[in-house]
Amino acid sequence: MNRFLTQFLVACLMASTSLIAAAAQQPPGKSSDELVRAALQSLQKADADRLGELWESGSSVLKSRVPKTTFIETTRKARLSMGPVTARDWSSVARLQYRAGNESGFPAGLYANVDLATQLGNGKSASERISFAMENNSWRFTGYVIAPPTPSSATPAAPLAPATSSAPATRTTQPAPSSASDARAPEVEAAVHAWAAAWSARDVGRYLLAYAPEFTPANRQQSRKNWEEERRARIAGKSTISVTVQGLAISIDGQTATARFRQTYRADDLSEVGRKTLEFQRSGTQWLIRKETAGV
């Protein structure tokens with residue numbers, strides 16, 4: 001379904017391959033945990049209406065494009081529209097490298113988006129995105145976007161192109177492409193994002209629970225036990241992991257489903273982007289992975 005995003009800051013960054021270097025390297029010590037902490041600290045200031053303080057802590061990109069009074073007025077209005085927040089949980093962290101001369105006009109450098117799934121006091125949910133820019137070897141607050149409350153579980157908002165003025169704007173974005181009109185498509189989408197979140201969090205137990213008992217490793221000569229041991233070792237051997245999903249397309253046929261998407265994987269100094277296909281089997285109320293294929 002379409003979502004109407006209230007964009008009241010300039011810096012929700014566009015994850016476009018024409019603008020972003022193919023391999024955005026993670027600076028030493030700048031882990032996903034650090035970005036998540038910084039995002040939650042920024043949101044605490046927004047929740048407490050300490051918006052002037054939040055603007056003062058912001059990046060030069062923010063300050064050059066959004067006057068302090070405009071920032072305070074538009075952020076307060078958008079934040080109050082959400083009402084009380086009861087819980088937040090991060091869903092993805094993405095680092096974006098802008099080249100010099102990019103068409104957005106952003107200064108060349110490293111940026112990051114932290115997406116959070118937010119539960120509201122009225123029982124509904126929303127998505128929040130906090131953006132940062134790397135300045136003087138530190139992540140500086142650059143932008144904040146809210147997807148308005150929905151009755152169902154919220155998915156991270158799709159990246160938007162940066163605004164060209166400081167005025168608040170409302171824009172419509174299209175959902176991730178999907179061939180599924182089946183009402184169960186959101187369940188499969190949630191399963192994909194939960195799998196990616198567990199992998200990103202290096203939560204091996206939760207990650208392995210996403211796979212069905214009949215899951216067959218890509219290397220058919222490898223036993224399930226050996227595959228699990230290998231996955232445990234690889235995941236535990238990384239200090240940080242970030243897995244993001246883009247362009248998700250879902251098709252459902254009875255009790256099976258196929259999810260195709262573009263996967264960005266970053267771990268320590270490694271960065272990979274490629275196509276991924278997950279085949280799911282419905283088991284009770286869950287969708288579990290029975291086959292995983294890279295490159296298609």
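In this chain, residues are counted from 1 in sequence order.
- Residues Pro217 and Glu230 fail the side-chain proximity criterion, which asks for heavy atoms closer than 4.5 Å.
- Formation of a donor-acceptor pair under 3.5 Å by the Gln281 side chain with backbone atoms of Ala212 is not found in this model.
- Residues Trp139 and Phe132 come closest through the heavy atom pair CE3-CB, 3.7 Å.
- Looking only at distances, no side-chain donor or acceptor of Thr75 sits under 3.5 Å from a matching main-chain atom of Ile72.
- The neighbour count for Lys238 NZ, taken as heavy atoms of other residues, nucleotides or ligands under 6.0 Å away, is above 12.
- Contact of the Asp47 side chain with the Arg88 side chain is registered, since non-hydrogen atoms from C-beta on lie closer than 4.5 Å.
- Taking hydrophobic clusters as Ile, Leu, Val, Met, Phe, Trp and Tyr residues chained together by side-chain heavy-atom distances below 4.5 Å, Met134 shares a cluster with Leu35.
- Taken from CZ in Arg224 to CD in Glu214, the straight-line distance is 8.5 Å, to the nearest 0.5 Å.
- In this structure a side-chain-to-backbone donor-acceptor pair under 3.5 Å is present from Asp268 to Thr240.
- Rounding to the nearest 0.5 angstrom, the gap separating the CG atom in Asn113 from the CD1 atom in Ile130 is 10.0 Å.
- Two different hydrophobic clusters hold Leu248 and Leu288 under the rule that ILVMFWY side chains link at heavy-atom gaps under 4.5 Å.
- With sequence neighbours excluded, the residues satisfying ring-ring contact (aromatic ring centres under 6.0 Å, His included) with Tyr265 are Trp199.
- A continuous path of ILVMFWY side-chain contacts below 4.5 Å connects Leu54 to Val85, so both sit in one hydrophobic cluster.
- Taking the six-membered ring for Trp and the full ring otherwise, the centers of Tyr211 and Trp227 sit less than 6.0 Å from each other.
- The heavy-atom pair separating Ala197 from Arg206 by the smallest distance is O-NH2, 4.1 Å.
- At least one donor-acceptor pair closer than 3.5 Å links the side chain of Thr142 to the backbone N or O of Arg140.
- Gln246 is not listed as a side-chain neighbour of Phe261, based on a closest heavy-atom distance of 4.5 Å or more.
- Here the side chains of Tyr207 and Trp195 are in contact, with some heavy-atom distance below 4.5 Å.
- Between the side chain of Asp115 and the backbone N or O of Ser127, no donor-acceptor pair lies under 3.5 Å.
- Ala218 approaches Glu292 most closely through the heavy-atom pair CB-O, 4.4 Å.
- A donor-acceptor pair under 3.5 Å is formed between the side chain of Trp55 and the backbone N or O of Val66.
- Annotation for Lys291: atom NZ does not count as buried by contact number, only 12 or fewer foreign heavy atoms lying within 6.0 Å.
- Here the CZ-CD distance, from Arg260 to Glu279, works out to 7.5 Å after rounding to the nearest 0.5 Å.
- Side-chain contact between Arg275 and Gln263: absent, with no pair of heavy atoms (C-beta onward) separated by less than 4.5 Å.
- In this model, a donor atom of one side chain and an acceptor atom of the other lie less than 3.5 Å apart for Asn226 and Ser223.
- Taken together through direct or relayed side-chain contacts under 4.5 Å among Ile, Leu, Val, Met, Phe, Trp and Tyr, Leu40 and Trp90 form part of one hydrophobic cluster.
- In this structure the side chain of Thr256 reaches within 4.5 angstrom of the side chain of Arg290, judged on heavy atoms.
- Looking at heavy atoms from C-beta onward, Ile252 lies out of side-chain contact with Phe280 at the 4.5 angstrom threshold.
- Shown here is Arg50, whose CZ atom has more than 12 heavy atoms of other residues, nucleotides or ligands within 6.0 Å.
- When atom types are taken as modelled, the side chain of Ser200 and the backbone of Ala196 share a donor-acceptor pair closer than 3.5 angstrom.
- In this structure the side chain of Arg232 reaches within 4.5 angstrom of the side chain of Leu208, judged on heavy atoms.
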